[in-house]
Amino acid sequence: MEQVQLQLQFKVAALLFFTILTFKSSAQYTPPDRDYLLNCGSSASNTTPSSEDNRDFLPDQSALSTRKHNYVVGDANSPTLYAAARVFTDCSSYKFDINGTKTHMVRLHFLPLTTALSTAVFNVSANDEFNLLSNFSATNTTTPVKKEYLITVDSEKLRICFTPINSLAFVSAIEVFSIPDDIIQSSVPIFVGQPELKFSVSSQALETLYRINVGGSPVTTSNDTMWRTWIPDDGYLASGDTSNRNNSTNQINYNPPGGPTKEIAPYNVYDTCRSMSSPNSNITWAFEASGHATHLVRLHFCDITTSTLDGLSFNVYINDEIAYPDLKPGSLVDQIATPFHKDFTADSRRLSSRGKWLIRVSIGRPTTNSQTMNGTLNGLEIFKLVPGSEQHKCYKKPSRLIIPCIVGGLALLSAASLLLFLLYRRRNRLKSKESTTPAANSDVSQLTVRSVATNMNLELHITLSQIKSATNNFDKSLVIGAGGFGEVYKGVLRDGGARTRVAIKRASQRSRQGFPEFETEIHVLSGIRHRHLVSLIGYCQEHSEMILVYEFMSNGTLRDHLYDSDLPSLSWKQRLEICIGSARGLHYLHSGLAHPIIHRDVKSSNILLDDNLTAKVSDFGLSRVVGPSVTETHVSTGVKGSFGYFDPEYVRTRQLTTKSDVYSFGVVLLEALCARPVIGMDLPSEEINLADWAMGWQKQGLLGQTVDPRLVGEINPNSLRMFGQIAEKCLEEYGADRPTMADVVWNLEYALQLQETEMAREPFEDSTNCTTELPLPPAIGRWNSISSVVTSHQDDSSIARYTESESTASQVFSQIISSEGR
């Protein structure tokens, strides 16, 4: 009898334990206001629960804002969630009534049931403000695709719009429900890598990219109070087996009010973790992310590995930069096994050897010495900030009555515009009779015949307040460079939810280059876009400020990577690729536009490198533009540029051609090969001028004597020989003997091909000092192309000059020194 009672008690206890555990893991969150669960395309009055949790998805007709331009595919009478889909042939939307300003979870489900749906491309927006999906396609999938967003709604309605790109859009199911206020807090997370910048995410839309249960098993929607899925971290570990898995059967201490709740993360996330296997080991996770985007990174912590509050101390890194130094969980909670989380914002980086954009998260030993050096991580979430825009708005087609009015109005406007144009033209003719002599001292006159005020691209204008916000009011700690024009700041421009990293060049009050270069830069760059030319984002001209805003080039200048810095050395292949990219940019300036442009200041410090070391030519303040006549072969102008890069023919004749850029680029080629300044005043007299010194060795067939010591043994001899020939041709004394930039590109690509092609070598050739080279194939080069030329004979008043005391230097360098500084 006693045995039977014991068995019964055991069964009751087991049932009670199971009930408690089930309740703890599956008690669901109840939204404070109405929630919407739509089985799109279904016509059943009450669908059965989904296969993943105990919620009813109802038909979607009541939320559709229009009855036109849509139809259903699949079995509309089936209660299964993905048995049908709503298909749209024109911009259509769902409208949801929302009670007050709250953050809502929005989930969109897609399963293409037909071939037409699998090839559909479309956009999805929310409240005509956030672009949730752009050019989206659920291609080649037999499993549902889910997209999840956290959207703060500041009105009483939420409108989700589907806009077909190639004729169709569709959706299988939609979830919309409000979430607790503490999910997205109003605090401002630190922007990792730029601690002086802070960024609020409480009013932004966030797209969920990853939700990771670190060290644990999958957590399904039925075990998460808000029907989320958490996946294991095994596939994202980037640091090998340097961690320990930990789990706990202890009670997780959720302590509301004011403390963490199960809606932040469920019990199943906090009762497992990974810890460092040794005090000196780091644990790193890597996640593919969107390029040039800002992300919210949320890290979940709960100390289940120690028995005291001072048991842990470690650093947190994001993208290999310290995000939180000396994190001590015991100083942030009141008792062991109490969860908490930390939020950070960070840009994705090209941190992969395959060029992929990544977010890397690491924990490692603390910065300060500690007897409790160990760290843990329980969970991780990554969200992408969704930029706000109005480009996906749904507009109703104009009625038949409105269209004639619009057409008539346009016709009237066109007639008025024509009349104004004729009057303007007559006025200019009268002015030209009064004065036929143009201004004689402005490079800008080559770019435009209109005034500054009428020719500025107003679409590029950025306010001074935006500039100050981006640079923390020109914080000196953000200065990343300086030149003749002024200082360059690193900053972040904010436009709604979008954040753009930029380089901001501010004219110095003492600058002698000033307004002409400011205007020239705007006119040149506002009209061109090329992969190998730096992009102008905007400009500011307010309160005597002249500011230019460019795309941010994270890897600095080519010069920075060659000498006078602690940056890692570039390989020979990387240097060739950078030279090829720069040459392509210059070739586009010379030949890819209606009116070619001469850069006039080609140098290694004006070649910028992005995250992936892609080269982009920058600094167009001294550029000159071609005029309409194709018979003119040069620009007569005073000498401007940078000392050490001057074309000697340009110096003698004051006639600037595209071949002047070619000469300067030849000097850059030697910089890339030799990794030394173009003018070295502390070197022996025969080595002071890089071009003269290197070409002396080249003419002896011994250019290898000048190679950067870090490249010795790395360069294929035939690649080096080809490269030397290119540089020698670029540095010919007379422009007519130099190649065009098209020829330079072709031959540099050939030098790269020779480097990448493994040549057959005899055993005796294995020495790094071997000078035996295989013969180059015939017809290797394109040296005789006719170059493009520029026009205009206007003289610059700012003629470069040198004094008698400078004559020695000019004889040594075969250069002149410009009083303008460049």
Side-chain angles (χ1 to χ4, degrees), residues 14-40 42 44 46-58 78-83 104-111 141-150 171-180 182-183 208-235 247-252 254 256 260-273 298 300 302 304 339 341 378-383:
L15 179 60
L16 180 61
F17 175 78
F18 177 77
T19 302
I20 293 173
L21 181 62
T22 303
F23 176 79
K24 176 169 60 176
S25 62
S26 62
Q28 300 300 310
Y29 162 73
T30 302
D33 55 2
R34 182 180 178 186
D35 61 340
Y36 295 86
L37 306 175
L38 304 183
N39 188 2
C40 301
S42 171
N46 186 21
T47 60
T48 59
S50 72
S51 60
E52 295 183 340
D53 51 63
N54 298 319
R55 296 180 295 161
D56 289 335
F57 284 74
L58 303 177
S78 172
T80 306
L81 188 61
Y82 296 105
H104 284 69
M105 182 84 76
V106 175
R107 293 195 185 104
L108 307 175
H109 301 248
F110 305 93
L111 181 64
T141 180
T142 58
T143 58
V145 176
K146 299 179 185 179
K147 297 291 184 178
E148 181 186 283
Y149 305 88
L150 306 182
V171 63
S172 303
I174 299 176
E175 301 175 53
V176 176
F177 57 90
S178 62
I179 62 177
D182 60 355
I183 296 292
T208 304
L209 299 184
Y210 297 95
R211 190 170 278 124
I212 306 296
N213 186 17
V214 176
S217 303
V219 178
T220 63
T221 58
S222 60
N223 290 319
D224 183 283
T225 60
M226 292 202 302
W227 310 282
R228 296 165 296 195
T229 299
W230 302 72
I231 62 176
D233 67 327
D234 303 77
N247 58 73
S248 174
T249 58
N250 295 333
Q251 177 69 35
I252 300 300
Y254 291 104
T261 65
K262 295 174 185 176
E263 281 65 58
I264 298 292
Y267 174 91
N268 312 66
V269 170
Y270 289 125
D271 68 354
T272 60
C273 70
R298 171 167 291 180
H300 295 269
C302 184
I304 60 173
H341 68 275
N378 302 73
L380 181 150
E381 295 175 273
I382 298 178
F383 306 89

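Atom set for the values below is all heavy atoms of this structure, side chains included, hydrogens, waters and symmetry mates excluded. Sequence positions, counted from 1, serve as the residue numbers for this chain.
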(request) Could you tell me which residues satisfy side chain to side chain contact (heavy atoms under 4.5 Å, CB included) with P180, sequence neighbours excluded, listed by chain and number? (result) Y29, D182, I183, M226, E263

(request) Measure the shortest side-chain to side-chain distance between I231 and I212 over non-hydrogen atoms and say whether it is less than 4.5 angstrom. (result) yes

(request) List the steps and the verdict of side chain to side chain contact (heavy atoms under 4.5 Å, CB included) for E175 and R55. (result) CA-CA 11 Å; E175 301 175 53; R55 296 180 295 161; 2.7 Å; yes

(message) I'd like to check the side chain to side chain contact (heavy atoms under 4.5 Å, CB included) partners of S217; sequence neighbours left out, ordered by chain and number.
(response) none

(message) Quick check against the 3.5 Å criterion: does D233 have a side-chain atom that pairs as donor or acceptor with the backbone of V214?
(response) no

(message) Using every non-hydrogen atom in the two residues, find where V269 and G379 come nearest and quote the distance to one decimal.
(response) CG1-CA, 4.0 Å

(request) Any chance you could measure L37, atom CG, to D56, atom CG, to the nearest 0.5 Å? (result) 8.0 Å

(request) Work out which heavy atom in S248 is nearest to a heavy atom in I304; give both atom names and the distance. (result) CB-CB, 3.7 Å

(message) List the residues meeting salt bridge (Lys or Arg N to Asp or Glu O under 4.0 Å) with R211, not counting sequence neighbours, and say none if there are none.
(response) E148, E381

(request) For Y210, check ring-ring contact (aromatic ring centres under 6.0 Å, His included) against everything at least two apart and list the hits. (result) Y236, F287

(request) Hey, could you give me the CG/OG1 distance between L111 and T141, rounded to the nearest 0.5 Å? (result) 7.0 Å

(request) Compare all side-chain heavy atoms of P266 with those of V219 and state whether any distance is below 4.5 angstrom. (result) yes

(request) Might you point out which heavy atoms bring L150 and I179 nearest each other, and give the distance in Å? (result) CD2-CD1, 4.0 Å

(message) Which heavy atom of S78 sits nearest to which heavy atom of S42, and what is that distance?
(response) O-OG, 4.2 Å

(request) Identify, with sequence neighbours excluded, every residue that meets side chain to side chain donor-acceptor pair (under 3.5 Å) alongside T272. (result) N213

(request) Mind checking the CG-OG1 spacing from D35 to T30? Nearest 0.5 Å is all I need. (result) 9.0 Å

(request) Please determine, by modelled atom types, if D224 and W230 share a side-chain donor-acceptor pair under 3.5 angstrom. (result) yes

(request) Nearest 0.5 Å please: distance from the OG1 atom of T142 over to the OH atom of Y82. (result) 13.0 Å

(message) If I compare all heavy atoms of R107 with all of M105, which pair ends up nearest, and what's the gap?
(response) NH2-CE, 3.9 Å

(request) For F383 and T208, work out which heavy atoms get closest and say how close. (result) CE2-OG1, 3.3 Å

(request) Working to the nearest 0.5 Å, report the span between CZ of F177 and NE2 of H104. (result) 9.5 Å

(request) Report the residues that fulfil ring-ring contact (aromatic ring centres under 6.0 Å, His included) with Y149, sequence neighbours left out, ordered by chain and then residue number. (result) none

(message) If I take atom CD1 from residue I382 and atom CZ from residue R298, how far apart are they, to the nearest 0.5 angstrom?
(response) 12.5 Å

(request) Could you tell me how the ring of H300 sits relative to the ring of H341: parallel (under 30°), tilted (30 to 60°) or perpendicular (over 60°)? (result) tilted

(message) Does I252 form a side chain to side chain contact (heavy atoms under 4.5 Å, CB included) with Y254? I'd like the steps, not just the answer.
(response) CA-CA 6 Å; I252 300 300; Y254 291 104; 4.0 Å; yes

(request) Side-chain contact test, heavy atoms from C-beta onward, threshold under 4.5 Å: evaluate it for P218 versus P232 and give yes or no. (result) yes

